[in-house]
Amino acid sequence: MDFMQQLVQQLINGISLGSIYALIALGYTMIYGIIKLINFAHGDIYMVGAYIGYFSITMAHLSIVPSLIISMVVTGLLGMLIERLAYKPLRHAPRISVLITAIGVSFFLEYTSMYFVSPTPRTFPAVFDNIAYHFGPFIINGQQMLIFGITFILMVALTYIVQRTKIGKAMRAVSFDTETAQLMGIDANRIISITFGIGSALAAAGGVLVGVYYNSIDPLMGIMPGLKAFVAAVLGGIGILPGAMVGGLILGVIEALVSGFVSSTFRDAAAFAILILVLLFKPSGIFGKNTREKV
Amino acid sequence: MTQLLKAEGVSKSFGGLKAVSDFDFYIDNGSLVGLIGPNGAGKTTAFNLITGVYQPTKGNIEFDSNSIVGLKPYQITQRGIARTFQNIRLFSELSVLDNVKIAYHSHVKYGLVEAVLRLGRYFGEEKRVEERSMELLRIFKLDDKAQEIAKNLPYGAQRRLEIARALAAQPKLLLLDEPAAGMNPQETQELMEMIRWIRKEFGLTILLIEHDMSLVMGICERIYVLEYGIIIANGTPGEIKKNPEVIRAYLGGEA
Amino acid sequence: MNSLRKTDLIMLVFGVALFIVLQGLITGRILNSFWQLNLIILCINIILSVSLNLINGYTGQFSLGHAGFMAIGAYVSVVLTTNFHWPFLIALLAGGAGAGFLGFLIGLPTLRLYGDYLAIATLGLGEIIRITIMNIEYVGGAAGFMNIPHNTTFTWAFFLMLATLFIIKNFVNSTHGRACIAIRENEIAAEAMGINTTKYKVMAFTIGAGFAGVAGGLFAHCFYIINPTSFTFMQSFNYLIMVVLGGLGSITGSIAGAFAVTFVSAGLASWPEFRMIIYALMLILLMFYRPQGLFGYIEITDFKIFSRFRGGRKS
Amino acid sequence: MFSKRSLCIAGVLVGTVMLGGVFSGCGDDTKSNEIKIGANFELTGNVANYGSATFDGLQLAIDEANEAGGVNGKKIVLVKADSKSEASEAANAATKLISDDKVKVLVGPATTASVLAESQIATDNKVPVIAPCATSPKVTVDNGAVKPFIFRSCFIDPLQGDVMATFATKTLNAKTAVIYIDSSSDYSKSLGQVFKEKFEAAGGKVLMEEAFLQKDQDFKATLTKLKTANADVIFVPAYYEEVGKIVKQARELGIMQPILGTDGWDDTKVVDIAGAAALNNTFFSSHYSDQDKDVQSFIDAFKKKYDHAPNVFAALGYDAGKMLIDAIKRAGSDDPEKIQKAIEETKDLQVGTGKITMDKDHNPIKSAVILEMKDGVKVLKEKITPQA
Amino acid sequence: MGTMLKIDNINVYYGAIHAIKGISLEVGEGEIVTLIGANGAGKSTTLRTISGLLKPKSGTITFEGKEIAGLAAQDIVKAGISQVPEGRRIFANMTVMENLDLGAFIRKDKEGVQKDLKNVFERFPRLEERKNQEAGTLSGGEQQMLAMGRALMSRPRLLLLDEPSMGLAPLLIREIFSIIADINKTGTTVLLVEQNANMALSIASRAYVLETGRITLSGDAEKLAASEDVRKAYLGG
């Protein structure tokens, strides 16, 4: 393979990796958008989603689609429950306390899961054949396309929900100005709760798909993807759905290129370096709007 | 009298929207000048331009015969302009005393090493700062509340504390942004006396924005009236009160 | 104003007395080496949490990269002691200086960012530092640096901790510290009071990073081996937890936070399955009932017993 | 600001912790009919799966001994401590086990760096350590000097690297190779190095060396790069979790060459993750073959207790337990120094994975096997009995 | 004319600050009542308390005979009170149409909403011209119209207006006030908070003067307009 060929194959690799980051980042960015909380537990919710999917497939012997739906629903409810129990009481507390609570929730999910499912990784059964498609010298496999497709569809669906539906308008209103939204008769608490539900369900979808794609899940699987998804969301402009998608893809492509042409051990460093550079020149991310406090 | 502050042709637009346009004004050394106008007329923007929070889109501002355009807010403060804020910006979790002590920052004469190892001038300077701060608090009748947390003070006291804090920065020109907002008539009366007194005592020049007409008319020597970012009148309180433009702008169209 | 000196003196006497008692317990074998080791770790954690508090608590800059600076200090000092046979103290200070210098270089551009953006940027910087170290074969790469002399004793840890407390307390109680606090309280007003906010943010960041470096050096000379896994962002979270648990803006709080985290961790060592679950629940519950941390903005010297000696601090 | 209630909560919290500390600090009343053994393992953190698997194996060996009436009439009690997958915490945990729980012997942790951190403390306190699966030579030998109290129950990296390099050149006739290591593991790094030396010494050529990090999920970028080298074999000395994904993704990218590995591969998870088909044409070295009769009893016992097949970590943990029990029996006492002597003299001991004899460098002499994966089943390809 | 809103001796605190010190006031059905006073006097706080954004520490608020103090903000909107907040606070990143949709958030009757939308567009033709424009790009006057239109979309029986004249040109202020009067004529009761005393008094039937959290004057709007006290309070002696 010559350089160009390798470059194209690396772009394919990067986009497929990036779709996963994007999928988790979508939920991250929604939740951040509405209560401005770095929900460090998001990656762990993704992990829980993967396990629920795993148990639906292996124990309840369901096929992939119902398992995916069950996982999304249950995890969505879990997200709402976490919001209700852990974050809502702290709505007016200092932000850093909420952040610590989020870290606490993250630890709690990781280690409670570890207690119940043991730290040993579980292997996802192969729920469908993974066909490799050859386009000339390039190889794309079915699951890669599936993940990219699902991420894209979810992003479009989510954008539709947020832009066009009543509940979506309420979300944007709460996110922009909670108090005024309340003056419109919007129950802000309910909207926040729903947003958590949707965000968590998205994370669960990500978890199940990653389980299917990489075959292996473990209780600490959410830490790095969670962090990367957050980086992706910030990169794209946190709170902005297409931003999360683009941020995720950029991150994936950067990682693939660095792994392919430099060294994979510098991959994460490169991802963070790009993030910092983008922030220095565009402090609110690629799609973000700059706002400064009014004097 | 020399002109302490002089603004010439100052304009400021925010994304095409002109907040202040072709602003010409001056403040004589030692005078007490008022800046009035309806809400949204651009008064606070004028303050922000003088103190370096905003940079003018065009025009020049001179302080003490030197241009201060392009300087950072802290540099402008160090040159001798201090201000208060319309929406009180105290260090709200700190004690009243610490609020004032912080403002002495530019005038404390000990270095980092002296501070950290508690050598040399540290104790003397800290003592001086504390004494001076307490003195200021006494002037503003806040000395008995020196150890209270600023956010727990009543509104009027917070306003006074903000002025005390601004004075601690030892300015030549003091900018007061609605100092009497939220005060009752009696408090306003006292504030008026206090502003007169500190001007004399500290040899200050004062520019103030105010809604409370009794305050403005009562103490200002000269008043600028602003509407839609343009100065529509300029004169003594007596002149301003009779100016039909001002009455229209201020009391509203239908009288 | 002699009361200030008096408070210092009392604290110093108290510190030395505490040291004599603890050292006595160690020499007398009443505290076994596990507790001795944990006391050393406690001292290190106090240095880390107090120095992070200077950045996060006092200056209000949300930094999540403390473990990175700790790593710099650790690696610089172990290279100097192990490969160049420098004296321990000099190597520690060099490690601190190295971390501080890096903090300065990094802080200058980064501190223009605000809030969560600063947090994720500093987290990223910490990870970049760690990954870079992991790729340097000279210091052992990912496997770690070995054969480090075991220089860190309780005495070293305790007195360096005391020095850190003394210096940071004095910094905070000077006009420089007040400038930092003013930035936390209201950056716009601080600037209007003539405070060069960029300068003080960078200063707090540099000093905080420097002490993290010293703590890193102490940490590294404790275990014969260090590897980059000890300096992940999870460690930075740990120090943040200590600071917030104790109360942002309170040195006493940081000490209490470090104490609580260190000993909860040690006390739960026998129940590894539940250790993290209990720890997590403790965090969540504490944030529920005391979101401002155990001590909030309050110092131990603010309590009644000390009021006779009260100096420059607020009540 | 300071409500009474919250002060109370704070007080109670701090108080409990302190009391907890004091009590656990005092509780070292060893009963005379017990022998305490410290199990210092990665039970939480990044490599918790390896640590806890090793611990499971150890636990099985101890349980068997206790059910058989104990050792020298005494019951063996395992005291667990968590090294949190971090070297410094491993040292901390070892200190606790030695000084607080007064254990006589330490077993663990699983990874080299953690054992190295622990070893000095153990040496200072004259407590023997058996490291079940730390394969780096540095664990037992430091600058040419054998560490008297440190032992292991697995073979060392040079052996495996040598075996696989020989296998590649002799059996597979490979002329070129690429090496893909886990750079966060000492194990993987030193195996990569040994393989390179031996492979090149045998006339082969290493075309490319790449690295990944523990917990990586996606290897396609680097594999795409490795594919360009088009080497005869790919050597991946790493642990099963990543290996499974690497093999799977390599085959997906059309890399069909033989992939070689080491004992870190030995877990059924590899098959689950990579899929049986992808694993065809892969070979790895390990400690035993499950077709080996001597090993069957261990595998059965393990399956009975834990409901799943043991992996290599569990097997090595079991071996460590066996070694220890044997040594205590022969020492006839729970005196750490006597146990240390006894471990040194271990000879022809039947453990879970075969027969072992301790050599002068505190490394067990045991046979190695090369296994081939055929449709998801491990098939014994070669058995290498070392020259003692 | 029945009493629609009755506030009885409420006290409201912002943290430690006692912002409202025992205010009582009444709004009769069909009236325009105005609350005037200087900055920081507590006018907005009063409106925010009625809307449920702040909870009074003591005192009662009854709306159409029902106690509403302490209800959640969305339930107060459902009860029939809508507020045009100070500074307009439109959702700047959404279109004009979306803002109006949000105003009708609590309503389920699609046809009624369509009808009200038509009414709003009739009243504010400029909003219809710009219905697909981002609200943040509107001029100050248009934003005020949007904020009012948005509040009307919930079809309130009581409309609370907080400083509708703020930052607007005189011509526009006149327009806004005639619209307020018009809205009132079509059957919506109005409680108006204003700094522009003359303007407010010109359309109101009754007025209350607020100073530092207390009501100092109240009565017939025309009489207050002529009163020297009000003039003094604004222009100084």
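Chain A is the first sequence line, chain B the second, and so forth, proteins listed ahead of strands; every chain is numbered from 1.
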Counting only heavy atoms not in A:R91, do more than 12 fall under 6.0 Å of its CZ?
-> yes
Could you check if a side-chain atom of A:K166 sits within less than 4.5 angstrom of a side-chain atom of E:D101, using non-hydrogen atoms only?
-> no
Got more than 12 heavy atoms from elsewhere within 6.0 Å of NZ, E:K78?
-> yes
Look up atom CD in E:E98 and atom CZ in A:R164, then write down how far apart they are to the nearest 0.5 Å.
-> 7.0 Å
Of the backbone (N, CA, C, O) and the side chain (C-beta and beyond), which part of E:R88 lies under 4.5 Å from a heavy atom of chain A, both, or neither?
-> neither
Of the listed E:D75, E:I81, E:V77, the one with the largest count of heavy-atom pairs under 4.5 Å with chain A is E:V77
Tell me, please, whether E:F105 has A:K169 positioned over its six-membered ring: NZ or CZ under 6.0 Å from the ring centre and within 45 degrees of its axis?
-> no
Determine whether E:F91 and A:M184 make a side-chain contact, defined as any pair of heavy atoms from C-beta on separated by less than 4.5 Å.
-> yes
Interatomic distance, E:N99 atom CG to A:T180 atom OG1 [nearest 0.5 angstrom] | 10.0 Å
Any side-chain heavy atom of A:E179 within less than 4.5 Å of one from E:R48?
-> yes
Give a yes or no on whether E:E67 atom CD has more than 12 heavy-atom contacts from other residues, nucleotides or ligands under 6.0 Å away.
-> yes
Heavy-atom check, side chain of E:P85 versus side chain of A:L183, under 4.5 Å = yes
Closest approach of E:A73 and A:Q182, non-hydrogen atoms and distance?
-> CB-CB, 3.7 Å
Side chain / backbone / both / neither for E:I90 at chain A, heavy atoms under 4.5 Å = backbone
Tell me, for E:A92 versus chain A, whether the close heavy atoms (under 4.5 Å) come from the side chain, the backbone, both or neither.
-> both
More than 12 heavy atoms of other residues, nucleotides or ligands under 6.0 Å from NZ of E:K115: is that the case?
-> no
One should read off an interatomic distance between E:L102 CG and A:F176 CZ, to the nearest 0.5 angstrom, of 11.5 Å
